[in-house]
Amino acid sequence: MNLQAPGMKELKPQLDRLDLSRLPRHVAMIMDGNGRWAQARGLDRSAGHYEGVKSVRLATELSSDLGIDFLTLYAFSTENWNRPQQEVDVLMHLIGMAIQQETPDLVKNNVHLRLIGDLERMPEEAWNRLHACEVATAECTGLTLTLALSYSGRRELTRAASEIARAVAEGSLSLSDISEETLARHLHTQGMPDPDLLIRTGGEERISNYLLWQAAYSELYFTPTLWPDFDKSAYLEALINYQGRERRFGKTGDQVKSSHL
Ligand code: FPP
């Protein structure tokens with residue numbers, strides 16, 4: 001952990017409550033509440049999205065400083081294409097610009113950018129910026145920051161089913177060889193561990209088509225904090241809460257305890 005990083009000193013009381021040996025390996029986040037944050041201040045919804053970029057930076061920094069391996073952010077769902085065109089345009093421009101601006105820092109901090117979703121639907125300008133960052137950070141070995149863009153969990157699963165069916169029809173895969181691992185290999189997230197912790201800001205308590213397969217055993221953490229207010233302290237609170245939970249994976253509490261002995 002990088003305790004020398006800016007702002008870490010103020011977080012010391014919370015860091016003292018955190019067991020650094022039991023951090024989640026993969027944290028997924030649903031960033032909700034940008035619009036409400038702006039509307040509460042009499043601002044246009046897009047002001048909330050601009051402010052939300054700061055929280056993206058804070059969550060990335062803290063994940064990286066703590067040594068968390070994977071942070072996966074729901075930046076834009078397939079359903080988000082149905083928002084007013086002006087808001088979609090702002091979001092696409094903002095995501096591309098923010099990633100372009102952050103690319104040197106991501107490289108410096110050894111953060112690898114990965115993109116998942118129906119990326120062919122991304123507008124060219126945003127795609128070019130995102131892809132350039134993917135290329136620039138390809139060799140980085142620290143935190144993997146994954147952005148889910150034009151992402152739908154159901155669509156991802158449907159695509160996987162269709163690829164597997166094609167492989168069976170072509171004879172390169174036999175029906176009896178299809179396992180959970182086969183399906184996982186056909187998801188956008190292939191090669192990544194499943195999220196241990198899924199955080200949703202903004203007060204709603206649902207997973208909204210996000211990482212449907214991958215989140216099967218994730219601990220869910222819902223907070224009323226709106227995404228632009230989700231700072232390092234709020235993130236640490238989620239991590240502390242996660243560590244207070246017992247992950248049973250279908251076993252009894254006694255079985256879990258004896259496996260730790
Ligand atoms: C949900 O808030 C948020 C989004 C749909 C977009 C998230 C995007 C950002 C934080 C911009 C920057 C992203 C990156 C990766 C640089 P909402 O608009 O649904 O809020 P509401 O529920 O209050 O209406």
Side-chain angles (χ1 to χ4, degrees), residues 27-64 70-107 109 111-119 121-123 125-134 136-137 143-153 188 198-211 222-232 234-235:
V27 180
M29 294 188 184
I30 300 178
M31 311 183 282
D32 197 14
N34 293 348
R36 277 167 286 158
W37 183 94
Q39 279 159 348
R41 287 160 180 77
L43 302 169
D44 187 72
R45 290 175 57 82
S46 49
H49 298 313
Y50 275 89
E51 196 66 21
V53 175
K54 291 187 192 158
S55 302
V56 170
R57 189 178 309 118
L58 296 177
T60 306
E61 266 174 19
L62 186 60
S63 303
S64 171
F70 295 90
L71 174 67
T72 302
L73 303 178
Y74 205 178
F76 196 89
S77 69
T78 46
E79 291 76 18
N80 287 153
W81 290 116
N82 299 322
R83 291 195 173 195
Q85 190 57 41
Q86 187 261 349
E87 185 172 342
V88 170
D89 292 345
V90 165
L91 268 168
M92 287 297 137
H93 180 70
L94 179 61
I95 292 170
M97 283 299 288
I99 290 301
Q100 183 179 48
Q101 269 163 21
E102 295 297 328
T103 299
D105 262 7
L106 293 175
V107 173
N109 290 299
V111 178
H112 171 71
L113 181 80
R114 182 167 169 168
L115 306 169
I116 60 172
D118 286 340
L119 302 172
R121 287 190 73 179
M122 295 297 289
E125 186 206 30
W127 167 250
N128 288 340
R129 294 184 162 132
L130 288 159
H131 183 58
C133 181
E134 234 185 348
T137 62
L143 172 74
T144 296
L145 169 65
T146 302
L147 298 186
L149 290 160
S150 187
Y151 176 85
S152 148
H188 298 303
L198 171 54
I199 298 172
R200 180 176 187 143
T201 64
E204 311 286 355
E205 303 197 348
R206 54 176 173 267
I207 59 173
S208 301
N209 210 1
Y210 190 41
L211 302 175
F222 300 108
T223 169
T225 303
L226 303 175
W227 178 253
D229 294 326
F230 192 76
D231 57 11
K232 290 185 184 181
Y235 185 7

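Both counts, for ligands and for their atoms, begin at 1 and track the order of listing.
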Open item on the list: Against ligand 1, does Gly33 come closer than 4.0 Å with any heavy atom?
Closed with: yes

Note the single closest protein heavy atom to [atom], along with its residue, its atom name and the distance in Å.
{"atom": "atom 9 (C) of ligand 1", "answer": "Asn34 ND2, 3.8 Å"}
{"atom": "atom 22 (O) of ligand 1", "answer": "Asp32 OD1, 2.9 Å"}
{"atom": "atom 6 (C) of ligand 1", "answer": "Ala75 O, 3.4 Å"}
{"atom": "atom 1 (C) of ligand 1", "answer": "Met31 O, 3.0 Å"}
{"atom": "atom 13 (C) of ligand 1", "answer": "Ile95 CG1, 3.8 Å"}

Check: [Y] main-chain N/O paired with [X] side-chain donor or acceptor under 3.5 Å:
{"X": "Arg41", "Y": "Trp37", "result": "yes"}
{"X": "Arg200", "Y": "Glu205", "result": "no"}
{"X": "Asp89", "Y": "Gln86", "result": "no"}
{"X": "Trp127", "Y": "Met122", "result": "no"}
{"X": "Thr201", "Y": "Asp32", "result": "yes"}
{"X": "Tyr74", "Y": "Ser208", "result": "yes"}
{"X": "Asp44", "Y": "Ala47", "result": "no"}
{"X": "Asn109", "Y": "Asp105", "result": "yes"}
{"X": "Tyr210", "Y": "Tyr151", "result": "no"}

Could you list which atoms of ligand 1 come closer than 4.0 Å to a heavy atom of [X]?
{"X": "Trp227", "answer": "10 (C)"}
{"X": "His49", "answer": "11 (C), 18 (O)"}
{"X": "Val53", "answer": "12 (C)"}
{"X": "Ala98", "answer": "16 (C)"}
{"X": "Asn80", "answer": "5 (C)"}

Proximity of [X] to ligand 1 by residue part, where a heavy atom lies under 4.0 Å:
{"X": "Leu91", "result": "side chain"}
{"X": "Arg83", "result": "side chain"}
{"X": "Leu147", "result": "side chain"}
{"X": "Arg45", "result": "side chain"}

Open item on the list: For atom 14 (C) of ligand 1, which of the options Val56, Leu149, Ile30 provides the nearest non-hydrogen atom?
Closed with: Val56

Task: Test applied, side-chain contact (heavy atoms from CB on, under 4.5 Å); reference residue, Ile99; option that passes from Leu113, Val56, Leu94 - done: Leu113

Task: Any N/O pair Trp37/ligand 1 closer than 3.5 Å - done: no

Task: Residues Glu61, Arg57: salt bridge by 4.0 Å N-O rule - done: no

